[in-house]
There are 2 protein chains.
Amino acid sequence: MTPYYFDNTRFLVAVDCIIFGFDNKQLKLLLIKRNFRPQKGKWSLVGGFLEGGESLDQAALRILYNLSGLNDIYLEQLYTYGETERDPGERVLSTAYYALIRAEDYHLPINRESTAKWFPIEKIPNLIFDHNIMVDKAMRRLRRKSLSQPIGFELLPDKFTIPQLQRLYEAIHQRELDKRNFRKKILSMGLLKKLDEKQKTGSRKGAFYYRFDIEKYNDLVSTGFHFEI
Amino acid sequence: MTPYYFDNTRFLVAVDCIIFGFDNKQLKLLLIKRNFRPQKGKWSLVGGFLEGGESLDQAALRILYNLSGLNDIYLEQLYTYGETERDPGERVLSTAYYALIRAEDYHLPINRESTAKWFPIEKIPNLIFDHNIMVDKAMRRLRRKSLSQPIGFELLPDKFTIPQLQRLYEAIHQRELDKRNFRKKILSMGLLKKLDEKQKTGSRKGAFYYRFDIEKYNDLVSTGFHFEI
DNA sequence: CCAAAAGTGTTGACCGTACACCCATGA
DNA sequence: TCATGGGTGTACGGTCAACACTTTTGG
């Protein structure tokens, strides 16, 4: 590579991840206790610095993999924060990503147990720098996306019940939904395959499991599809 | 400032602007002929490198100001492109912004006349690097935003007529709209103030001018407002 | 047999869409 | 007087929201 641009300033670039999870009741966020300066000991998003040979997306995947051991995480770039004083230590740009992970897939690595913790989204503590702003933006994006794309399935196990899915949407939108209308709407899209199996925990009667029909989804996407809860 | 992060790689960061304009018929994009290597002579978005003391937003404003002399431009960050090989000259991250400018406000500076040019959005040439991808994303964002926020007013003069506004929405969405339904919808939001003055060019009868009612808009925004065309 | 969650339909209000004719005026 | 774009109302169909009772079964 020939260097063309020698004269220009170079910058540190961080990647910070807003990691959402769902435990069948609450929408949660994974935070860590920062173990280096500045602001050591305060809660923060999971993050790291962009390295020389990797793209931004790759850096986000690396950071998530190091934390969780998971590889196939739903991930989307959110925004890049570029205020000059956002990190009091030194000037750092930060590209924020948000991730959706299935609680069941996730097991905290032993070496993280002491420092990483899930927080319900209504109880996020004060975070370092501009991280609370990032969380707010991620929350708004998740709400919006969940209305026009079936993004919620990334937060649920492979097999799930309609009441489970409804609780997820209620957690994302922080309001109660009518179960008749919800079921009607969801099923009318034709994206769920009903299984012959029932979930027996959580109720006497039991709720049928469903599976997300990814093939039908891809068909619909390719024909310009839009769905609303 | 104490340096905390010495060990990490630093990166060149560019800011590229997708500049939309509207001339009462077509939606247009302002492009420039690149006058430095690599890929000198090819069409490109307007851009520049982020400098030491400025935020990303400030860099975008500086770049727009240098090109147009305009200060109060509608500007929004779009996405940050971080592939390692996106610039064949050397590794450069690029944060893309999109801007909406009123054609009437804009006069090309003399020194740019030979190199900057408006292109109708249906006729965008091949651009350098990943700039066509940026343009596509900006176009989709503009379409989406125009449905939920009255963003279109940024592209029109202070006083405008309903048919003018309709032509803008038709250009953004690339489909024809019914004029009765459009007028009904737009006026029902109560965001337009009718003036006592008519535009006499463009038709025999003349069309009443309207002005965007920013105060009512702010009221509505603060009460959680959503509008669709 | 009872508590607790799953499952099921109907109706009225509202909204989006389709559609055709008159108006004002400059040339 | 005529060509051109501006301006207006109605009716239909589909979608959203509100609403209450029955089913299943483990304890």
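Computation of the quantities below employed the complete heavy-atom set of this structure, encompassing side-chain atoms and omitting hydrogens, waters and symmetry-equivalent molecules. Naming convention: chains lettered A, B, ... in sequence-line order (proteins, then strands); numbering from 1 in each chain.
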Protein-nucleotide distance ([X], atom [atom1]; [N], atom [atom2]), rounded to Å:
X	N	atom1	atom2	value
A:Glu176	D:dA17	CD	P	15 Å
B:Phe160	D:dG6	CZ	C1'	16 Å
A:Leu177	D:dA18	CG	P	11 Å
A:Gln164	C:dG7	CD	P	11 Å
A:Leu187	D:dC16	CG	P	15 Å
B:Lys185	D:dG9	NZ	P	19 Å
A:Phe208	D:dT24	CZ	C1'	11 Å
A:Lys194	C:dA6	NZ	C1'	11 Å

**OP:** If a protein heavy atom is under 4.0 Å from the base, mark B; if only from the sugar-phosphate, S; if neither, -; do that for nucleotides 18-27 of chain C going 5' to 3'.
**Re:** BBB--BBBB-
Original post:
Can you list every pair that meets side chain to side chain donor-acceptor pair (under 3.5 Å) and has a residue in residues 17-29 of chain A, with sequence neighbours left out?
Top reply: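 Output for this query lists A:Asp23-A:Lys28, A:Asn24-A:Gln164.
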Mind listing the side-chain donor-acceptor pairs of residues 208-216 of chain A below 3.5 Å, one per line with the distance, residues two or more places apart or on another chain?
residue	atom	partner	partner atom	Å
A:Arg211	NH1	A:Asp158	OD2	2.2
A:Asp213	OD1	A:Glu215	N	3.3
A:Asp213	OD1	A:Lys216	N	3.2

Original post:
Pairs in or reaching into residues 64-81 of chain B: which pass salt bridge (Lys or Arg N to Asp or Glu O under 4.0 Å), with residues at least two apart or in two chains?
Top reply: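 Qualifying pairs: B:Glu76-B:Arg141, B:Glu76-B:Lys145.
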Original post:
Aromatic rings B:His131 and B:Phe129: how do their planes relate, parallel, tilted or perpendicular, breaks at 30° and 60°?
Top reply: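 Rings of B:His131 and B:Phe129: perpendicular, as their planes differ by over 60°.
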Subject >> Under the salt bridge (charged side-chain N to carboxylate O under 4.0 Å, His left out) test, residues paired with B:Arg183 that sit two or more places apart >> reply: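 For B:Arg183, no residue satisfies salt bridge (charged side-chain N to carboxylate O under 4.0 Å, His left out) once neighbours in sequence are set aside.
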Subject >> Set of residues satisfying side chain to side chain contact (heavy atoms under 4.5 Å, CB included) with respect to B:Thr80, sequence neighbours excluded >> reply: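 For B:Thr80, the residues satisfying side chain to side chain contact (heavy atoms under 4.5 Å, CB included) (neighbours in sequence not counted) are A:Leu56, A:Gln77, A:Thr80, A:Thr95, B:Gln77, B:Thr95.
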